[in-house]
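A short write-up of the structure that comes next.
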Amino acid sequence: MEKGIFDGLKVLDCASFIAAPAAATVLSDFGADVIKIEPPGAGDPYRNLPNLPGYPSSEHNFAWMLEARNKKSLALDLTKPDAQQVLYKLVAEADVFITNMPPQVRAKLGITYDHLAHLNDRLIYASFTGYGEKGEEANKPGFDSNAYWARSGLMDLVRADEETTPARSVAGMGDHPCAMAFYGAIVTALFQREKTGKGSHVSTNLMANGVWANGVLAQAKLAGAKFKKRKPREEALNAVTNHYKCKDGRWLILSLLNEDRQWPTLARCMGREDLVADPRFATKADRHARSVELIKIFDEVFAGKDLAEWRKILDGNGLVFGVVGILDDIPNDKQMIENEVLVRFENDTMLTVNSPIFIDGARKVQPRKPPEVGEHSDEILRQAGYDEATIQKLRASGAVA
(Lines give C-alpha, C1' and ligand atoms only; values in the text may rest on other atoms or scores of the structure.)
Protein backbone atom coordinates (compact mmCIF):
# COMPACT_ATOMS: atom_id res chain seq x y z
CA MET A 1 0.00 0.00 0.00
CA GLU A 2 2.58 2.51 -1.16
CA LYS A 3 -0.01 5.27 -1.50
CA GLY A 4 -1.25 4.80 2.04
CA ILE A 5 -4.44 3.57 3.69
CA PHE A 6 -6.09 6.98 3.28
CA ASP A 7 -5.15 7.50 -0.35
CA GLY A 8 -8.02 9.48 -1.90
CA LEU A 9 -9.27 10.82 1.43
CA LYS A 10 -9.72 14.59 1.19
CA VAL A 11 -9.07 16.58 4.36
CA LEU A 12 -9.45 20.32 4.96
CA ASP A 13 -7.23 21.51 7.81
CA CYS A 14 -8.65 24.82 9.01
CA ALA A 15 -6.86 24.84 12.36
CA SER A 16 -3.81 26.12 14.22
CA PHE A 17 -1.81 25.57 17.46
CA ILE A 18 -1.24 22.43 17.59
CA ALA A 19 -3.36 19.38 18.33
CA ALA A 20 -5.94 19.77 15.57
CA PRO A 21 -3.50 20.31 12.66
CA ALA A 22 -1.29 17.55 14.11
CA ALA A 23 -4.22 15.13 13.78
CA ALA A 24 -4.42 16.12 10.11
CA THR A 25 -0.70 15.40 9.85
CA VAL A 26 -1.26 11.83 11.05
CA LEU A 27 -3.94 11.40 8.37
CA SER A 28 -1.47 12.72 5.80
CA ASP A 29 1.19 10.26 6.98
CA PHE A 30 -1.15 7.48 5.89
CA GLY A 31 -1.75 9.06 2.49
CA ALA A 32 -4.65 11.48 2.94
CA ASP A 33 -4.68 14.56 0.71
CA VAL A 34 -4.61 17.39 3.27
CA ILE A 35 -5.25 21.01 2.27
CA LYS A 36 -4.09 23.55 4.81
CA ILE A 37 -6.47 26.54 4.90
CA GLU A 38 -4.59 29.58 6.21
CA PRO A 39 -5.01 33.36 5.99
CA PRO A 40 -3.14 35.31 3.30
CA GLY A 41 0.01 37.20 4.18
CA ALA A 42 1.84 35.66 7.12
CA GLY A 43 -0.36 32.56 6.99
CA ASP A 44 -1.09 30.35 9.96
CA PRO A 45 0.15 32.13 13.13
CA TYR A 46 1.73 28.83 14.16
CA ARG A 47 4.39 29.44 11.52
CA ASN A 48 5.78 32.08 13.90
CA LEU A 49 6.12 29.80 16.93
CA PRO A 50 9.95 29.44 16.79
CA ASN A 51 10.26 33.24 16.93
CA LEU A 52 8.57 33.47 20.32
CA PRO A 53 10.75 34.06 23.40
CA GLY A 54 12.32 30.96 24.89
CA TYR A 55 12.23 28.76 21.80
CA PRO A 56 15.41 27.32 20.26
CA SER A 57 17.03 29.33 17.47
CA SER A 58 17.32 27.58 14.13
CA GLU A 59 17.60 28.33 10.43
CA HIS A 60 14.69 25.92 9.95
CA ASN A 61 11.08 26.44 10.99
CA PHE A 62 11.09 23.24 13.04
CA ALA A 63 7.55 23.62 14.38
CA TRP A 64 6.04 24.08 10.93
CA MET A 65 8.13 21.22 9.52
CA LEU A 66 6.55 18.84 12.00
CA GLU A 67 2.91 19.90 11.95
CA ALA A 68 2.54 20.87 8.27
CA ARG A 69 4.50 18.16 6.48
CA ASN A 70 2.80 16.53 3.49
CA LYS A 71 0.16 19.28 3.28
CA LYS A 72 -0.81 21.69 0.51
CA SER A 73 -1.49 25.34 1.34
CA LEU A 74 -4.51 27.33 0.21
CA ALA A 75 -4.53 30.93 1.41
CA LEU A 76 -8.13 32.07 1.99
CA ASP A 77 -9.38 35.17 3.76
CA LEU A 78 -12.48 33.64 5.34
CA THR A 79 -13.75 37.05 6.43
CA LYS A 80 -14.64 37.59 2.75
CA PRO A 81 -17.79 35.99 1.32
CA ASP A 82 -15.98 34.97 -1.89
CA ALA A 83 -13.44 33.02 0.15
CA GLN A 84 -16.22 31.33 2.10
CA GLN A 85 -17.79 30.24 -1.17
CA VAL A 86 -14.48 28.70 -2.25
CA LEU A 87 -14.33 26.80 1.02
CA TYR A 88 -17.92 25.61 0.62
CA LYS A 89 -17.09 24.27 -2.83
CA LEU A 90 -14.18 22.33 -1.39
CA VAL A 91 -16.28 21.06 1.52
CA ALA A 92 -18.80 19.61 -0.91
CA GLU A 93 -16.11 17.19 -2.12
CA ALA A 94 -14.23 16.69 1.15
CA ASP A 95 -14.27 13.78 3.56
CA VAL A 96 -13.03 15.56 6.69
CA PHE A 97 -13.11 19.18 7.86
CA ILE A 98 -10.90 20.00 10.85
CA THR A 99 -11.04 23.18 12.93
CA ASN A 100 -10.04 24.33 16.39
CA MET A 101 -11.50 27.81 16.21
CA PRO A 102 -13.79 28.68 19.15
CA PRO A 103 -17.51 28.25 18.44
CA GLN A 104 -18.17 31.98 18.22
CA VAL A 105 -15.35 32.44 15.68
CA ARG A 106 -16.66 29.55 13.59
CA ALA A 107 -20.04 31.25 13.52
CA LYS A 108 -18.49 34.56 12.43
CA LEU A 109 -16.56 32.89 9.58
CA GLY A 110 -19.44 30.70 8.44
CA ILE A 111 -17.73 27.39 9.22
CA THR A 112 -19.91 25.89 11.97
CA TYR A 113 -21.21 22.35 11.59
CA ASP A 114 -24.60 23.73 10.55
CA HIS A 115 -22.95 25.88 7.88
CA LEU A 116 -21.14 22.91 6.33
CA ALA A 117 -23.02 19.68 7.05
CA HIS A 118 -25.83 20.34 4.58
CA LEU A 119 -23.27 20.77 1.79
CA ASN A 120 -22.05 17.20 2.14
CA ASP A 121 -23.92 14.55 4.09
CA ARG A 122 -20.79 12.34 4.18
CA LEU A 123 -18.62 15.02 5.78
CA ILE A 124 -16.83 14.28 9.04
CA TYR A 125 -16.78 17.64 10.85
CA ALA A 126 -14.06 17.47 13.49
CA SER A 127 -13.80 20.29 16.02
CA PHE A 128 -11.23 20.76 18.77
CA THR A 129 -11.44 23.17 21.71
CA GLY A 130 -9.67 24.01 24.92
CA TYR A 131 -12.49 23.32 27.37
CA GLY A 132 -15.28 21.63 25.42
CA GLU A 133 -18.10 23.03 23.31
CA LYS A 134 -20.66 23.57 26.07
CA GLY A 135 -20.78 25.72 29.18
CA GLU A 136 -19.43 29.13 30.08
CA GLU A 137 -15.86 28.27 29.01
CA ALA A 138 -16.74 27.00 25.54
CA ASN A 139 -15.24 30.08 23.85
CA LYS A 140 -12.33 30.44 26.24
CA PRO A 141 -8.94 30.16 24.50
CA GLY A 142 -6.95 27.16 25.68
CA PHE A 143 -3.40 25.96 25.19
CA ASP A 144 -1.93 22.71 26.41
CA SER A 145 -0.04 24.56 29.15
CA ASN A 146 -3.25 25.75 30.79
CA ALA A 147 -6.18 23.61 29.61
CA TYR A 148 -4.34 20.26 29.54
CA TRP A 149 -1.38 20.49 31.90
CA ALA A 150 -2.60 22.91 34.56
CA ARG A 151 -6.37 22.27 34.64
CA SER A 152 -6.05 18.48 34.91
CA GLY A 153 -3.94 18.48 38.06
CA LEU A 154 -0.85 17.20 36.25
CA MET A 155 1.04 20.45 36.78
CA ASP A 156 0.45 20.24 40.51
CA LEU A 157 1.44 16.58 40.74
CA VAL A 158 4.52 16.42 38.52
CA ARG A 159 7.04 18.05 40.81
CA ALA A 160 9.68 16.77 43.21
CA ASP A 161 7.48 17.20 46.28
CA GLU A 162 4.68 19.35 47.64
CA GLU A 163 7.08 22.10 48.67
CA THR A 164 8.66 22.71 45.26
CA THR A 165 7.22 24.94 42.54
CA PRO A 166 4.81 23.26 40.07
CA ALA A 167 6.56 22.24 36.86
CA ARG A 168 5.98 24.05 33.57
CA SER A 169 5.08 22.01 30.52
CA VAL A 170 7.20 21.96 27.38
CA ALA A 171 6.01 22.97 23.91
CA GLY A 172 3.32 20.70 22.51
CA MET A 173 3.62 18.20 25.36
CA GLY A 174 -0.14 17.90 25.73
CA ASP A 175 -1.04 18.81 22.16
CA HIS A 176 0.52 15.76 20.57
CA PRO A 177 -1.25 13.19 22.78
CA CYS A 178 -4.46 15.19 22.19
CA ALA A 179 -3.82 14.97 18.45
CA MET A 180 -3.86 11.18 18.68
CA ALA A 181 -7.20 11.26 20.51
CA PHE A 182 -8.56 13.62 17.86
CA TYR A 183 -7.22 11.37 15.10
CA GLY A 184 -8.94 8.44 16.81
CA ALA A 185 -12.23 10.34 16.88
CA ILE A 186 -11.96 11.12 13.17
CA VAL A 187 -11.09 7.55 12.19
CA THR A 188 -13.93 6.21 14.36
CA ALA A 189 -16.33 8.53 12.54
CA LEU A 190 -14.96 7.35 9.19
CA PHE A 191 -15.63 3.76 10.28
CA GLN A 192 -19.16 4.72 11.30
CA ARG A 193 -19.62 6.33 7.89
CA GLU A 194 -18.67 3.05 6.25
CA LYS A 195 -21.56 1.42 8.09
CA THR A 196 -24.16 4.17 7.75
CA GLY A 197 -23.10 6.19 4.72
CA LYS A 198 -23.50 9.36 6.77
CA GLY A 199 -21.01 11.86 8.15
CA SER A 200 -21.07 13.24 11.67
CA HIS A 201 -19.68 15.83 14.06
CA VAL A 202 -16.85 14.61 16.30
CA SER A 203 -14.92 16.56 18.90
CA THR A 204 -12.46 16.45 21.76
CA ASN A 205 -10.67 19.02 23.87
CA LEU A 206 -7.51 19.72 25.83
CA MET A 207 -9.21 19.59 29.23
CA ALA A 208 -10.75 16.16 28.63
CA ASN A 209 -7.46 14.73 27.42
CA GLY A 210 -5.57 16.21 30.37
CA VAL A 211 -7.92 14.56 32.87
CA TRP A 212 -7.68 11.31 30.89
CA ALA A 213 -3.87 11.49 31.08
CA ASN A 214 -4.21 11.97 34.83
CA GLY A 215 -6.96 9.38 34.92
CA VAL A 216 -5.57 6.99 37.54
CA LEU A 217 -5.32 9.63 40.25
CA ALA A 218 -8.39 11.51 39.04
CA GLN A 219 -10.40 8.31 39.38
CA ALA A 220 -8.90 7.74 42.81
CA LYS A 221 -10.18 11.16 43.86
CA LEU A 222 -13.59 10.45 42.33
CA ALA A 223 -13.68 7.19 44.28
CA GLY A 224 -12.96 9.01 47.53
CA ALA A 225 -9.43 7.71 48.00
CA LYS A 226 -7.16 9.12 50.70
CA PHE A 227 -3.89 10.51 49.38
CA LYS A 228 -0.50 10.48 51.05
CA LYS A 229 1.80 13.47 51.08
CA ARG A 230 4.15 13.50 48.09
CA LYS A 231 7.72 13.07 49.30
CA PRO A 232 11.00 14.19 47.69
CA ARG A 233 13.12 11.71 45.75
CA GLU A 234 15.44 11.17 48.72
CA GLU A 235 12.47 9.99 50.81
CA ALA A 236 10.74 7.85 48.19
CA LEU A 237 8.90 4.82 49.54
CA ASN A 238 10.73 2.33 47.31
CA ALA A 239 14.41 2.58 46.39
CA VAL A 240 14.15 0.16 43.46
CA THR A 241 11.56 2.31 41.63
CA ASN A 242 13.47 5.56 42.09
CA HIS A 243 15.82 7.64 39.93
CA TYR A 244 19.54 8.13 40.44
CA LYS A 245 22.30 10.39 39.20
CA CYS A 246 25.32 8.82 37.53
CA LYS A 247 28.97 9.93 37.59
CA ASP A 248 28.61 11.92 34.34
CA GLY A 249 25.57 13.84 35.57
CA ARG A 250 23.06 11.74 33.63
CA TRP A 251 20.10 10.10 35.36
CA LEU A 252 18.46 6.69 35.19
CA ILE A 253 15.30 5.35 36.77
CA LEU A 254 14.94 1.85 38.20
CA SER A 255 11.63 0.05 37.68
CA LEU A 256 12.05 -3.28 39.46
CA LEU A 257 8.45 -4.32 40.02
CA ASN A 258 9.45 -7.97 40.51
CA GLU A 259 11.48 -6.92 43.50
CA ASP A 260 11.78 -10.19 45.42
CA ARG A 261 13.32 -12.00 42.48
CA GLN A 262 15.50 -9.17 41.17
CA TRP A 263 16.81 -7.74 44.43
CA PRO A 264 19.82 -10.12 44.65
CA THR A 265 20.68 -9.44 40.97
CA LEU A 266 20.58 -5.69 41.50
CA ALA A 267 22.79 -5.92 44.58
CA ARG A 268 25.31 -8.00 42.64
CA CYS A 269 25.29 -5.56 39.69
CA MET A 270 25.99 -2.72 42.09
CA GLY A 271 28.90 -4.57 43.66
CA ARG A 272 27.02 -4.66 46.95
CA GLU A 273 26.23 -8.34 47.45
CA ASP A 274 26.47 -7.62 51.16
CA LEU A 275 23.10 -5.87 50.99
CA VAL A 276 21.35 -9.18 50.35
CA ALA A 277 22.48 -10.56 53.71
CA ASP A 278 22.05 -7.24 55.50
CA PRO A 279 19.21 -7.77 58.03
CA ARG A 280 18.07 -4.18 57.50
CA PHE A 281 17.04 -5.05 53.93
CA ALA A 282 16.24 -8.78 54.19
CA THR A 283 12.62 -8.55 53.00
CA LYS A 284 10.65 -6.28 50.76
CA ALA A 285 8.91 -4.83 53.78
CA ASP A 286 12.27 -4.16 55.40
CA ARG A 287 13.58 -2.41 52.29
CA HIS A 288 10.49 -0.24 52.04
CA ALA A 289 10.57 0.63 55.71
CA ARG A 290 14.21 1.68 55.37
CA SER A 291 13.99 3.16 51.89
CA VAL A 292 15.69 6.41 52.93
CA GLU A 293 18.78 4.48 54.08
CA LEU A 294 18.77 2.38 50.92
CA ILE A 295 18.43 5.41 48.64
CA LYS A 296 21.50 6.96 50.24
CA ILE A 297 23.46 3.78 49.52
CA PHE A 298 22.19 3.68 45.92
CA ASP A 299 23.04 7.35 45.41
CA GLU A 300 26.64 6.66 46.35
CA VAL A 301 26.88 3.54 44.19
CA PHE A 302 25.31 5.00 41.03
CA ALA A 303 27.49 8.10 41.32
CA GLY A 304 30.52 5.85 40.82
CA LYS A 305 29.95 5.04 37.13
CA ASP A 306 28.85 6.87 33.97
CA LEU A 307 25.40 6.21 32.51
CA ALA A 308 26.83 4.18 29.60
CA GLU A 309 28.50 1.79 32.05
CA TRP A 310 25.32 1.35 34.06
CA ARG A 311 23.30 0.72 30.89
CA LYS A 312 25.63 -2.11 29.91
CA ILE A 313 25.56 -3.65 33.39
CA LEU A 314 21.81 -3.38 33.98
CA ASP A 315 20.83 -4.43 30.45
CA GLY A 316 23.24 -7.34 30.62
CA ASN A 317 21.48 -8.67 33.68
CA GLY A 318 17.92 -8.18 32.51
CA LEU A 319 17.05 -5.49 35.03
CA VAL A 320 14.27 -3.08 34.13
CA PHE A 321 15.31 0.56 34.08
CA GLY A 322 15.01 3.62 31.91
CA VAL A 323 17.37 6.32 30.79
CA VAL A 324 16.27 9.84 31.62
CA GLY A 325 16.75 11.03 28.06
CA ILE A 326 17.93 14.43 26.94
CA LEU A 327 17.35 16.10 23.59
CA ASP A 328 20.96 15.50 22.57
CA ASP A 329 20.25 11.74 22.62
CA ILE A 330 17.44 11.79 20.08
CA PRO A 331 19.17 12.40 16.70
CA ASN A 332 21.45 9.37 17.20
CA ASP A 333 19.06 7.01 18.98
CA LYS A 334 19.43 3.76 16.98
CA GLN A 335 16.34 2.22 18.54
CA MET A 336 14.23 5.19 17.44
CA ILE A 337 15.62 5.11 13.91
CA GLU A 338 15.28 1.33 13.48
CA ASN A 339 11.67 1.50 14.65
CA GLU A 340 10.86 4.53 12.48
CA VAL A 341 10.14 6.79 15.41
CA LEU A 342 12.37 9.11 13.43
CA VAL A 343 12.17 9.16 9.61
CA ARG A 344 13.81 11.22 6.87
CA PHE A 345 12.10 13.86 4.80
CA GLU A 346 11.72 13.10 1.11
CA ASN A 347 14.91 13.98 -0.82
CA ASP A 348 16.60 15.19 2.35
CA THR A 349 18.89 13.93 5.09
CA MET A 350 16.97 15.71 7.85
CA LEU A 351 14.97 13.55 10.23
CA THR A 352 11.48 14.29 11.50
CA VAL A 353 9.34 12.80 14.25
CA ASN A 354 7.00 10.13 12.93
CA SER A 355 3.42 9.74 14.13
CA PRO A 356 3.27 6.88 16.66
CA ILE A 357 0.99 4.45 14.81
CA PHE A 358 2.34 1.53 12.79
CA ILE A 359 0.29 -0.98 10.77
CA ASP A 360 1.86 -4.07 9.22
CA GLY A 361 1.58 -4.03 5.44
CA ALA A 362 0.58 -0.37 5.31
CA ARG A 363 3.50 1.90 4.65
CA LYS A 364 3.27 5.57 5.45
CA VAL A 365 4.17 8.14 2.82
CA GLN A 366 7.69 9.52 3.08
CA PRO A 367 7.33 12.93 4.74
CA ARG A 368 7.36 15.90 2.40
CA LYS A 369 8.53 19.35 3.46
CA PRO A 370 5.73 21.75 4.47
CA PRO A 371 4.31 24.36 2.08
CA GLU A 372 4.82 28.09 1.82
CA VAL A 373 1.75 30.28 2.40
CA GLY A 374 -0.67 29.75 -0.48
CA GLU A 375 1.85 27.65 -2.40
CA HIS A 376 -0.86 25.43 -3.86
CA SER A 377 -3.74 27.92 -4.12
CA ASP A 378 -3.95 27.92 -7.91
CA GLU A 379 -3.52 24.16 -8.16
CA ILE A 380 -6.30 23.52 -5.64
CA LEU A 381 -8.66 25.98 -7.28
CA ARG A 382 -8.09 24.47 -10.74
CA GLN A 383 -8.77 20.98 -9.38
CA ALA A 384 -11.98 22.34 -7.85
CA GLY A 385 -13.10 23.50 -11.30
CA TYR A 386 -12.24 27.22 -11.27
CA ASP A 387 -11.05 28.70 -14.55
CA GLU A 388 -8.14 31.13 -14.82
CA ALA A 389 -10.34 34.21 -15.08
CA THR A 390 -12.20 33.35 -11.89
CA ILE A 391 -8.96 32.58 -10.08
CA GLN A 392 -7.58 35.98 -11.03
CA LYS A 393 -10.78 37.64 -9.86
CA LEU A 394 -10.52 35.88 -6.50
CA ARG A 395 -6.92 36.99 -6.20
CA ALA A 396 -7.78 40.56 -7.07
CA SER A 397 -10.50 40.67 -4.40
CA GLY A 398 -8.08 39.40 -1.77
CA ALA A 399 -10.24 36.33 -1.11
CA VAL A 400 -7.41 34.07 -2.28
CA ALA A 401 -3.66 34.57 -2.14
**OP:** Assign the ring pair Phe6 / Phe30 to parallel, tilted or perpendicular, where the plane angle (0 to 90°) is split at 30° and 60°.
**Re:** perpendicular
Counting N and O atoms only, with roles assigned by atom type, does the side chain of [X] sit under 3.5 Å from a partner on the main chain of [Y], one being a donor and the other an acceptor?
X: Lys10; Y: Ala32; result: no
X: Asn209; Y: Asn205; result: yes
X: Asn339; Y: Val341; result: no
X: Ser377; Y: Ala401; result: yes

Original post:
Who are the side chain to side chain donor-acceptor pair (under 3.5 Å) partners of His376, not counting sequence neighbours?
Top reply: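 Partners of His376 under the side chain to side chain donor-acceptor pair (under 3.5 Å) test: none.
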By side chain to side chain contact (heavy atoms under 4.5 Å, CB included) - contacts of [X] (at least two apart):
X: Glu346; value: Gln366, Arg368
X: Val323; value: Arg250, Leu307, Arg311, Phe321
X: Thr188; value: none
X: Pro50; value: Asn61, Phe62, Ala63

**OP:** Say whether Glu133 and Ser127, considering side chains only, have a donor N or O and an acceptor N or O under 3.5 Å apart.
**Re:** yes
**OP:** If a pair satisfies salt bridge (Lys or Arg N to Asp or Glu O under 4.0 Å) and one of its residues is in residues 111-127, list it, with sequence neighbours excluded.
**Re:** Asp121-Lys198
Original post:
Which distance, rounded to the nearest 0.5 Å, do you find between the CG of Leu157 and the CG of Leu217?
Top reply: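 Between Leu157 CG and Leu217 CG, I get 6.0 Å after rounding to 0.5 Å.
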**OP:** Drop me the distance from Ile98's CD1 to Lys36's NZ, to the nearest 0.5 angstrom.
**Re:**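 Here the rounded value is 9.5 Å.
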**OP:** Run the numbers on Leu206 and Thr129 for side-chain contact (heavy atoms from CB on, under 4.5 Å), then give the verdict.
**Re:** CA-CA 7 Å; Leu206 289 165; Thr129 58; over 6 Å; no
Subject >> Charged tip of Lys247 within 45° of Phe302 ring normal and under 6.0 Å >> reply: no
Subject >> Residue from Lys71, Arg47, Lys72 passing salt bridge (charged side-chain N to carboxylate O under 4.0 Å, His left out) with Glu38 >> reply: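 The salt bridge (charged side-chain N to carboxylate O under 4.0 Å, His left out) with Glu38 is passed solely by Arg47 among Lys71, Arg47, Lys72.
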Subject >> Heavy-atom side-chain proximity of Lys369 to Arg69 below 4.5 angstrom >> reply: no
**OP:** Please confirm whether Tyr244 and Trp251 have ring centers closer than 6.0 angstrom.
**Re:**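 Tyr244 vs Trp251: aromatic centres not under 6.0 Å.
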